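Input: a single structure, listed below in structure tokens.
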Amino acid sequence: MLKIKGFIFVLIGVVLLCVYPGPAAAGGSSAMGWALEGGKWRYYDQGVMKTSWVFDSNTWYLLDQGGSMKTGWVLDGGKWYYLDGTGAMKTGWVLDGGRWYYFDKNGAMKVGWVAVDGKWYYLAGSGQMQTGWVKELNNWYYLDSNGAMVTGWRSISGDWYYFDTHYGGMVRQNFVGGYYLMNDGRMTYAGSADVVSVVEGLKKWIDVGITKSALQADLGDAYHDLEGIEGENYWLYTLKVDGAADYKAVKWAADDLGAEDLANGSADIIVLAYWDRDGKVFQVTIDYFNAAHKFHHYHSSRFDYEYN
């Protein structure tokens, strides 16, 4: 019976050594290593109690001024660290309170952008990993449900957006693959078969040589009379389309309408007619979105190209 009891005590001692850090010696200081004193773990080096950071068994621990091992969140030297229940300093990703945090190889909590395994993540000033929309330095980014920065095309809440494949910023007021991204980043769904039908009809009669009176006879007086950067005179018409052959010119307050205005529905077609000294067209351009929502630029009778 005495042998069995002795075996049980030895077994309990082995379990304690496995559960707690260092070579535990419950109840009193040890000359070297860890000691459990009054319910607090302390570390001794040649009989001297240590404070501050201690490196033991390839792991860092932090001891307060009283020598007690610390756990949880710790602010030290202006940086935040996280020590688990055994006191071990954590590095890499840590889940605490339902939120993810990232700690560098030295154990310091990171904020801002951080690259991990080839993916970029954004950590708020509190260190919490962000998801969804994030605005940084006037650029918008989108982070998926795992926190990874999105690049390329992405459908979000029913709208398509494009994020630069190099730095991840949302593209806006620009073209990608012939599609236009509006000021708010959404891909436009402007354009229709009716718009294309009207444009094809305009191409048949608005061309080099047409006179001002002929143009006014069909499109009316709702134009902007403008001057180009080289002094050339031109008229700008903005057309709204109501059917395959039904359209009207509407004069807007602005005279610098472009792709953004077509994209947001301010106009369906923009016509520019450039006049020579005799009052005849020497160049005409027509801008519009086709039925596939891709931007087209028609130039006189020579070409009609799709933006890519």
Side-chain angles (χ1 to χ4, degrees), residues 160 162 171-308:
W160 282 97
Y162 187 85
V171 175
R172 62 189 187 91
Q173 290 189 312
N174 212 334
F175 297 91
V176 175
Y179 297 102
Y180 184 77
L181 289 310
M182 295 185 287
N183 186 49
D184 61 6
R186 292 179 299 123
M187 187 195 85
T188 182
Y189 286 93
S192 66
D194 287 345
V195 169
V196 174
S197 177
V198 169
V199 170
E200 291 304 315
L202 294 174
K203 290 179 184 178
K204 294 177 181 178
W205 66 274
I206 302 180
D207 207 343
V208 174
I210 190 174
T211 64
K212 290 183 177 181
S213 59
L215 192 61
Q216 284 180 288
D218 188 273
L219 298 185
D221 296 324
Y223 60 84
H224 290 273
D225 192 353
L226 304 170
E227 184 176 299
I229 57 176
E230 296 181 0
E232 69 275 22
N233 174 239
Y234 66 95
W235 287 0
L236 180 150
Y237 277 99
T238 53
L239 309 182
K240 289 293 290 181
V241 174
D242 296 317
D246 186 9
Y247 60 92
K248 64 179 178 180
V250 180
K251 192 170 184 177
W252 299 92
D255 58 13
D256 59 350
L257 296 179
E260 179 73 18
D261 304 280
L262 292 175
N264 64 32
S266 295
D268 295 314
I269 302 169
I270 295 176
V271 178
L272 297 181
Y274 293 83
W275 306 107
D276 61 21
R277 293 181 179 179
D278 297 324
K280 294 182 179 180
V281 168
F282 70 88
Q283 175 180 295
V284 61
T285 65
I286 303 175
D287 293 332
Y288 63 101
F289 284 92
N290 68 8
H293 316 300
K294 290 195 172 186
F295 185 77
H296 276 249
H297 178 75
Y298 170 76
H299 190 283
S300 299
S301 58
R302 294 193 294 277
F303 54 81
D304 184 340
Y305 65 88
E306 181 176 280
Y307 271 46
N308 291 304

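Model, not experiment: these values are computed from the prediction.
Just one of Leu202, Leu272, Val208, Val271 meets the side chain to side chain contact (heavy atoms under 4.5 Å, CB included) condition when paired with Val284; it is Val271.
Under the ring pair (Phe, Tyr, Trp, His ring centres under 6.0 Å) criterion, Tyr298 pairs with no residue at all, not counting sequence neighbours. The ring pair (Phe, Tyr, Trp, His ring centres under 6.0 Å) search around Trp235 returns Tyr223, Trp275, not counting sequence neighbours. Scanning for ring pair (Phe, Tyr, Trp, His ring centres under 6.0 Å) contacts around Phe282 gives an empty result, with sequence neighbours left out.
Taken from CG in Asp268 to CG in Leu262, the straight-line distance is 7.5 Å, to the nearest 0.5 Å. Interatomic distance, CG of Asn183 versus CZ of Arg172, reported as 4.5 Å (0.5 Å rounding). Here the straight-line distance linking atom CZ of Phe295 with atom CG of Asp287 works out to 4.0 Å at 0.5 Å rounding. Atom CG of residue Asn233 and atom CG of residue Asp225 lie 5.0 Å apart, to the nearest 0.5 angstrom. Remark: Tyr162 OH to Tyr179 OH distance equals 13.0 Å, nearest 0.5 Å.
Summarising the geometry of Leu181 relative to Val171, their closest heavy-atom pair is CB-O, 3.5 Å, with the distance given to 0.1 Å. Nearest approach of Ser300 to Gln283, heavy atoms of both residues: OG-CA, 3.6 Å. The shortest non-hydrogen separation linking Tyr237 to Ala249 is CD2-CB, 3.7 Å. Across all their heavy atoms, Glu200 and Lys203 have their closest contact at OE2-NZ, 3.0 Å. Of all heavy-atom pairs between Ala193 and Ala291, the closest is N-CB, 3.8 Å. Between Phe175 and Ala259, the shortest heavy-atom distance links the atoms CZ-CB, 3.9 Å.
Applying the side-chain hydrogen bond (donor to acceptor under 3.5 Å, both in side chains) test to pairs two or more places apart or on separate chains, those with a residue in residues 238-248 are Asp218-Tyr247, Thr238-Trp252. Annotation: salt bridge (charged side-chain N to carboxylate O under 4.0 Å, His left out) contacts involving residues 183-195, sequence neighbours excluded, comprise Asp184-Arg186.
At least one side-chain heavy atom of Ile269 sits less than 4.5 Å from a side-chain heavy atom of Val241. Side-chain contact between Asp304 and Ile286 is absent, with no heavy-atom pair separated by less than 4.5 Å. With contacts defined as side-chain heavy-atom distances shorter than 4.5 Å, the pair Gln173/Tyr180 qualifies.
The backbone N or O of Ala190 sits less than 3.5 Å from a side-chain atom of His293, completing a donor-acceptor pair.
Counted within 6.0 Å of NZ on Lys280, heavy atoms from surrounding residues, nucleotides or ligands total 12 or fewer; the atom is thus considered open.
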**Message:** Go through it in stages, so that I can follow the logic: the residues are Val199 and Asn290, the test is side-chain contact (heavy atoms from CB on, under 4.5 Å), and I'd like the CA-CA distance, side-chain angles, deciding distance and then a yes or no.
**Reply:** CA-CA 10 Å; Val199 170; Asn290 68 8; over 6 Å; no
Side chains of residues 209-216: which donor-acceptor partners sit under 3.5 Å, not counting sequence neighbours?
| residue | atom | partner | partner atom | Å |
| --- | --- | --- | --- | --- |
| Thr211 | OG1 | Ser213 | OG | 3.1 |
| Thr211 | OG1 | Ala214 | N | 3.2 |
| Gln216 | NE2 | Asp221 | OD1 | 2.7 |

